[in-house]
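First comes the structure, then the notes that go with it.
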Number of protein chains: 2
Amino acid sequence: MSTAIETTPGTPDQVGALPAAVACCAPLARTPLSAKDAQGLAVVLKAIADPARLRLLSLVAARENGEACVCDLTEPVGLSQPTVSHHLRTLADAGLLRREKRGVWAYYSLVPGALDEIARVLTTAGRP
Amino acid sequence: MSTAIETTPGTPDQVGALPAAVACCAPLARTPLSAKDAQGLAVVLKAIADPARLRLLSLVAARENGEACVCDLTEPVGLSQPTVSHHLRTLADAGLLRREKRGVWAYYSLVPGALDEIARVLTTAGRP
DNA sequence: AGTAAACATCGACAGACGTCAATATCTAGA
DNA sequence: TCTAGATATTGACGTCTGTCGATGTTTACT
């Protein structure tokens, strides 16, 4: 009851929550992370630091059209529907997945560049 | 009492624990992760999915000589010495940091390529 | 030997997390 | 309007995790 954000039907809604900025800072090994940046990065990393969510991300990404509905994912990962739904929400809240509702189905797809942003921060540019 | 692994003094010891293979698999977005690969990747990602540990990694990496002792790190992150020591052990167990004891000091440094391996798996090669 | 310093380990505690069954909400079609 | 199906939310549960203070261990120096 009383969800803050009202989503007008037809609008591709971004799940009513914090997009938890994936982009943040210079590569880890370049300069010491500020406490704030570390906190933000950790939120996103926590989102992908789970076997189930990693597989969900992978399953979605590896699709032909780059999207999948919950019903497609529930069986491959071997978890209950509520659990899968919960994980997808976590990933969407972290800004890694986008959600689009079409009819009865909810289609999830990668947010372009999100995973690459994380990769960029982790890459040790010059340091051996 | 009776630690399994005996470290001969002088030998740069890898901390007596599981190196938790950082390298694992094809990029996430290429092919669906197996349950086993997802599990392994998650272990490593959990290790870096913490603000304190991210800052520790960053502090170590950004050093001139690429190494730092616990005493150098305890103050910048604002945590107790036991806690810092614990985090460093976590990172070393995950195969991200190497530990070398010299005299009374324990010097930690990045395992070359470890972070880049993670970055590689996360990078979406062809997928937009 | 005795002492001081650096680091690791232990034990404890609060809080966060992953999971499920039950239930609610929404949509399409009859 | 009623029904069936897809997804989201809720409540509960056991487990894992980050943190600390106290204590143990190792090394160097006097």
Side-chain angles (χ1 to χ4, degrees), chain A residues 1-11 13-17 35 38-39 42-43 45-56 67-75 77-94 97 99-108, chain B residues 1-10 13 15-17 35 38-39 42-43 45-56 67-75 77-94 97 99-108:
Chain A
M1 41 297 268
S2 82
T3 313
I5 297 181
E6 166 105 14
T7 56
T8 33
T11 304
D13 64 322
Q14 290 277 90
V15 172
Q39 173 61 41
V43 169
L45 286 173
K46 271 183 204 299
I48 64 174
D50 177 88
R53 288 194 289 270
L54 282 172
R55 297 190 73 190
L56 289 173
E67 62 179 18
C69 63
V70 181
C71 58
D72 291 328
L73 303 169
T74 211
E75 183 267 334
V77 296
L79 293 173
S80 73
Q81 174 267 319
T83 300
V84 170
S85 202
H86 169 248
H87 283 314
L88 291 171
R89 177 169 169 46
T90 300
L91 289 168
D93 285 355
L97 286 185
R99 190 189 101 134
E100 187 188 353
K101 188 124 191 190
R102 287 206 299 271
V104 187
W105 292 273
Y107 290 93
Y108 287 87
Chain B
M1 45 292 270
S2 80
T3 314
I5 297 180
E6 167 105 14
T7 56
T8 32
D13 64 321
V15 172
Q39 173 61 42
V43 168
L45 286 173
K46 272 183 203 298
I48 63 174
D50 177 89
R53 288 194 290 269
L54 282 172
R55 298 189 74 191
L56 289 173
E67 61 179 19
C69 64
V70 181
C71 58
D72 291 328
L73 303 169
T74 211
E75 183 267 334
V77 296
L79 293 173
S80 73
Q81 175 267 318
T83 300
V84 171
S85 203
H86 168 248
H87 282 315
L88 291 172
R89 176 168 170 47
T90 299
L91 290 168
D93 285 355
L97 286 185
R99 190 189 101 134
E100 186 188 354
K101 188 126 190 186
R102 288 207 299 271
V104 186
W105 293 274
Y107 290 93
Y108 287 87

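By convention in this document, chain letters (A, B, ...) are assigned in the order of the sequence lines, proteins followed by strands, and residues within each chain are numbered from 1.
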(message) Side chain of B/H86, heavy atoms from C-beta onward: which of D/dG5, C/dG18, D/dG18 has the nearest atom to it?
(response) D/dG18
(message) If the cut-off is 4.0 Å, is A/H87 near the phosphate of C/dT19, judged by side-chain N/O to OP1 or OP2?
(response) yes
(request) Indicate the atoms forming the closest heavy-atom contact of B/Q39 with A/P51, along with that distance. (result) OE1-CG, 3.5 Å
(request) Identify, between B/K46 and B/D72, the residue whose nearest nucleotide on DNA chain C lies closer to the 5' end. (result) B/D72
(message) From OH of A/Y107 over to P of D/dA8, roughly how many Å is that when rounded to an integer?
(response) 13 Å
(request) Indicate, yes or no, whether a donor-acceptor pair under 3.5 Å links the base of D/dA6 to the side chain of A/Q81. (result) no
(request) In whole angstrom, give the distance that lies between atom CG of A/L88 and atom P of D/dA8. (result) 7 Å
(message) If you only use heavy atoms from C-beta on, which nucleotide in D/dA8, D/dG5, C/dT9 is closest to the side chain of A/V104?
(response) D/dG5
(request) Output the single nucleotide from C/dC7, D/dT7, D/dT19 whose closest atom is nearest the side chain of A/C71. (result) D/dT7
(message) Under 4.0 Å from OP1 or OP2 of C/dC7: is there any side-chain N or O of B/R99 that close?
(response) no
(request) Indicate, with a heavy-atom threshold strictly under 4.0 Å, whether A/R102 touches base, sugar-phosphate, or nothing. (result) nothing
(message) From the set D/dA8, C/dT9, C/dA8, return the single nucleotide nearest to any side-chain atom of B/R89.
(response) C/dT9
(message) By nearest atom, which of the nucleotides D/dT19, D/dT7, C/dT9 is closest to the B/P82 side chain?
(response) C/dT9
(message) Without decimals, in angstroms, what is the distance between A/Q39 CD and C/dA16 C1'?
(response) 13 Å
(request) Round to the nearest Å and state the distance from B/D50 atom CG to C/dG15 atom P. (result) 17 Å
(request) Taking all non-hydrogen atoms of both residues into account, name the closest pair between B/L54 and A/A38 and its distance. (result) CD1-O, 3.6 Å
(request) Using atom CZ of A/R53 as one end and atom P of C/dA16 as the other, report the distance to the nearest whole Å. (result) 15 Å
(request) Could you tell me whether the phosphate oxygens of D/dT19, OP1 or OP2, come under 4.0 Å of any side-chain nitrogen or oxygen in B/T83? (result) no
(message) Testing the basics here: between B/T83 and B/S80, what is the closest heavy-atom pair and its distance to 0.1 Å?
(response) OG1-OG, 2.9 Å
(request) Would you mind reading off the distance between A/K101 atom NZ and D/dA6 atom C1', rounded to a whole angstrom? (result) 7 Å
(message) To the nearest 0.5 Å, what is the distance between OG on B/S85 and CG on B/L79?
(response) 12.0 Å
(request) Find the distance A/L54:CG to C/dC17:C1' and express it as a whole number of Å. (result) 15 Å
(message) For D/dA8 and A/Y108 - does any side-chain N or O of the residue sit under 4.0 Å from the phosphate oxygens OP1/OP2?
(response) yes
(request) Compare every heavy atom of B/A35 with every heavy atom of A/R55, then report the nearest pair and how far apart it is. (result) NH1-CB, 3.5 Å
(message) With rounding to the nearest 0.5 angstrom, report the CG to NE2 distance, A/L97 to A/H87.
(response) 12.5 Å
(request) Take atom CG of A/L79 and atom P of C/dC17, then tell me their distance rounded to the nearest Å. (result) 17 Å
(message) Please determine whether a side-chain nitrogen or oxygen atom of B/S80 lies at a distance below 4.0 Å from atom OP1 or OP2 of D/dC20.
(response) yes
